[in-house]
Amino acid sequence: MHPVDPPAEPVSEPDAAPRRDYDLVVIGSGPGGQKAAIAAAKLGKRVAVVERRGMIGGVCTQTGTIPSKTLREAVLYLTGYAMRGLYGESYRVKQDITVQDLLARTHFVIGREEEVIRAQLQRNRVDLLAGAARFVDDHSIEVIGERRGEHQVVTADRVVIATGTRPARPPQVEFDDRRVLDSDGILTMEHIPSSMVVVGAGVIGIEYASMFAALGTRVTVVERRPQMLDFCDAEVVESLKFHLRDLAVTFRFGEEVSGVSVSERGTVTTLVSGKKIPAETVMYSAGRQGVTDELAVERAGLETDARGRIKVDEHFRTAVPHIYSVGDVIGFPALAATSMEQGRQAAYHAFGEPVHSMAEVSPFGIYTIPEVSYCGATESELTEKAVPYEVGISRYRELARGQIVGDDYGMLKLLVSPDTHALLGVHVFGTSATELVHIGQAIMGCGGTVDYLVDAVLNYPTLSEAYKVAALDATNKIRALEQFA
Ligand SMILES: Cc1cc2nc3c(=O)[nH]c(=O)nc-3n(C[C@H](O)[C@H](O)[C@H](O)COP(=O)(O)OP(=O)(O)OC[C@H]3O[C@@H](n4cnc5c(N)ncnc54)[C@H](O)[C@@H]3O)c2cc1C
């Protein structure tokens, strides 16, 4: 079980302090800001969220998670990619897929998500203040609307900064949002390019690389490091690379871009090694920058690092104890799911409510085609720490459900302690990986062992059955080891 932090000591205010407009003002309505606001409202606090017009739900809803995952779903459906194992490589649901086909679904989902968020804030009596926030002092925030002179100053006992990030744009590259763009620019593309260079093999870069490859775009990925996704299981990353190469993706690892030239006919990306890569479009996905430049944080007694990020302690408190910060603006892991949880925890801490933290079993989900997800340790981490483990593997092609859905490449890997049978890590590659990982996460979070999976009866035929097969594989190996000992 996980320890419960003792009730936090609320930040005390001098008795003579005037009653401020709000108990909490949250800057930014992305996942971190939303959950901080709702958590505080549920505690009976007076809360406001400041957000720019047209950005309700944050980067997550407007330009990041939701649009990219909806695009992926549209790509999977329209290309018939997931069914090609069953119906052949030439299987397509629609022959000439257009950007409009893809974006129609995206706009629909964004609209619905906006409605859900607005309704939730309203229901919980959270005021939504439209405009850009800027500190006046550590308790006062100016909200600047779009029209000239449209502004108000609100005061708050506590503040949560959840302003997120924007794509970093290297100064030597000229972005025209048509031929040279970043991940935001994907959402305003006019047509699907026949070829594309993706600069940066981080999560966002590789997710989009796989989507365009599935659409038939010839993709070249350029990455400065010798590898990609090196925080994931090495075997899973190998499988992913194999699949992407199969979709005609070319990788250029250990290579750096020296320049991009643009003409009406397309682009040429030049690498420091002298190679030149012609392509219709270049997408930069080379890191993100904290959105703090307009906040005037110095007026609140705060500072940011060179990448615009804010430093916090384990309770998400900044250097000024009544100002908290959560989400991408505080850096790693910069995921929507973790941002939400940070928001909830920050609000609880700010108002003296006990907090449970289970950060050590937070999952990672990478929505490439095919998808990747994991929770807990990797093999290389365990080896580095000299922690013994046994591996249990299940391959989808050996599961009835794997055959039914036409996934013959997926796999689930369990890392198990031979001494205690505790689950140390779960790694999934293939259909529904980002959903399946939660079974392992629940067992790890509750301190369970692989024995549960050996004994439990699971629905058949399901992909979840992979857990039972992998658990049996691991325990058989452990038993064999014990017989030799
Ligand atoms: C292409 C892409 C795909 C992604 N896919 C996934 C995924 O599959 N899964 C996942 O978990 N994560 C994913 N992420 C990351 C995820 O979107 C972020 O982790 C998450 O959005 C961060 O939430 P946040 O609370 O920090 O705020 P954000 O969502 O970044 O929103 C911050 C908000 O603050 C507002 N703001 C900034 N400054 C001010 C100001 N001065 N005044 C008022 N408002 C302000 C902005 O307008 C913005 O709306 C993806 C990101 C991108 C870019």
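Note that the coordinates shown come from a computational prediction; the quantities given were computed from them, not determined experimentally. Residues: numbered from 1 along the sequence shown. We count ligands from 1, going down the list as the structure has it; atoms in each ligand are counted the same way.
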Min N/O separation [X] to ligand 1 under 3.5 Å:
{"X": "Ala334", "answer": "yes"}
{"X": "Tyr208", "answer": "no"}
{"X": "Cys60", "answer": "yes"}
{"X": "Ile204", "answer": "no"}
{"X": "Thr65", "answer": "yes"}
{"X": "Asp328", "answer": "yes"}
{"X": "Ala132", "answer": "no"}

Are any of the heavy atoms in Gly343 under 4.0 Å away from ligand 1? no

Validation row: Ile56, Leu128 side chains within 4.5 angstrom (heavy atoms): yes

Heavy-atom check, side chain of Arg288 versus side chain of Ser183, under 4.5 Å: yes

Nearest-neighbour protein heavy atom for [atom], which is reported as residue plus atom name and distance:
{"atom": "atom 27 (O) of ligand 1", "value": "Gly30 CA, 3.7 Å"}
{"atom": "atom 36 (N) of ligand 1", "value": "Arg52 NE, 3.9 Å"}
{"atom": "atom 42 (N) of ligand 1", "value": "Ala133 N, 2.8 Å"}
{"atom": "atom 12 (N) of ligand 1", "value": "Ala336 N, 3.2 Å"}
{"atom": "atom 28 (P) of ligand 1", "value": "Val59 N, 3.6 Å"}
{"atom": "atom 23 (O) of ligand 1", "value": "Pro31 CD, 3.2 Å"}
{"atom": "atom 3 (C) of ligand 1", "value": "Ser68 OG, 3.3 Å"}
{"atom": "atom 30 (O) of ligand 1", "value": "Gly164 CA, 3.3 Å"}

Per-atom contacts of ligand 1 with [X], taking only distances under 4.0 Å to non-hydrogen atoms:
{"X": "Ala337", "value": "11 (O)"}
{"X": "Val291", "value": "37 (C), 38 (N)"}
{"X": "Tyr367", "value": "8 (O)"}
{"X": "Gly327", "value": "26 (O)"}
{"X": "Leu295", "value": "41 (N)"}
{"X": "Ile27", "value": "40 (C), 42 (N), 43 (C)"}
{"X": "Ser339", "value": "19 (O), 22 (C), 23 (O)"}

Below a 4.0 angstrom heavy-atom separation, can you tell me which part of [X], side chain or backbone, both or neither, approaches ligand 1?
{"X": "Val203", "value": "neither"}
{"X": "Thr338", "value": "neither"}
{"X": "Arg288", "value": "side chain"}

Give the C-alpha distance, both sets of side-chain angles, the deciding distance and a yes or no for side chain to side chain contact (heavy atoms under 4.5 Å, CB included) between Phe135 and Ile27. CA-CA 10 Å; Phe135 281 100; Ile27 309 175; 4.2 Å; yes

Check whether NZ of the Lys or CZ of the Arg Arg169 lies under 6.0 Å from the centre of the six-membered ring of Phe175 and within 45 degrees of that ring's axis. yes

Going by atom types only, do [X] and [Y] share a side-chain donor-acceptor pair under 3.5 Å?
{"X": "His243", "Y": "Tyr409", "value": "no"}
{"X": "Asp21", "Y": "Thr155", "value": "yes"}
{"X": "Glu371", "Y": "Thr434", "value": "yes"}

CA sep, side-chain torsions, deciding dist, call: Gln345, Phe316, side chain to side chain contact (heavy atoms under 4.5 Å, CB included): CA-CA 8 Å; Gln345 290 188 18; Phe316 306 104; 3.6 Å; yes

Go through the steps for Ile206 and Phe251 under the test side chain to side chain contact (heavy atoms under 4.5 Å, CB included), then give the verdict. CA-CA 11 Å; Ile206 214 72; Phe251 289 102; 3.8 Å; yes

Could you check whether any side-chain N or O of [X] sits under 3.5 Å from a backbone N or O of [Y], counting only pairs where one atom can act as donor and the other as acceptor?
{"X": "Glu435", "Y": "Ser432", "result": "no"}
{"X": "Asp176", "Y": "Val180", "result": "yes"}
{"X": "Thr61", "Y": "Ile110", "result": "no"}

For atom 44 (N) of ligand 1, which of the options Arg166, Glu51, Lys69 provides the nearest non-hydrogen atom? Glu51

Please compare Gly365, Pro363, Gly58, Gly32 and report which has the shortest non-hydrogen distance to atom 25 (O) of ligand 1. Gly32

What do the steps show when you test Arg52 against Glu294 for salt bridge (Lys or Arg N to Asp or Glu O under 4.0 Å), and what is the final call? CA-CA 12 Å; Arg52 301 167 209 267; Glu294 291 171 29; 3.4 Å; yes

Derivation and outcome, side chain to side chain contact (heavy atoms under 4.5 Å, CB included), residues Glu360 and Met444: CA-CA 10 Å; Glu360 69 283 4; Met444 290 168 75; over 6 Å; no

Considering all heavy atoms, the nearest Ser68-Glu207 contact: OG-OE1, 4.4 Å

Do Glu115 and Arg118 meet the salt-bridge criterion of a basic N to acidic O distance under 4.0 Å? no

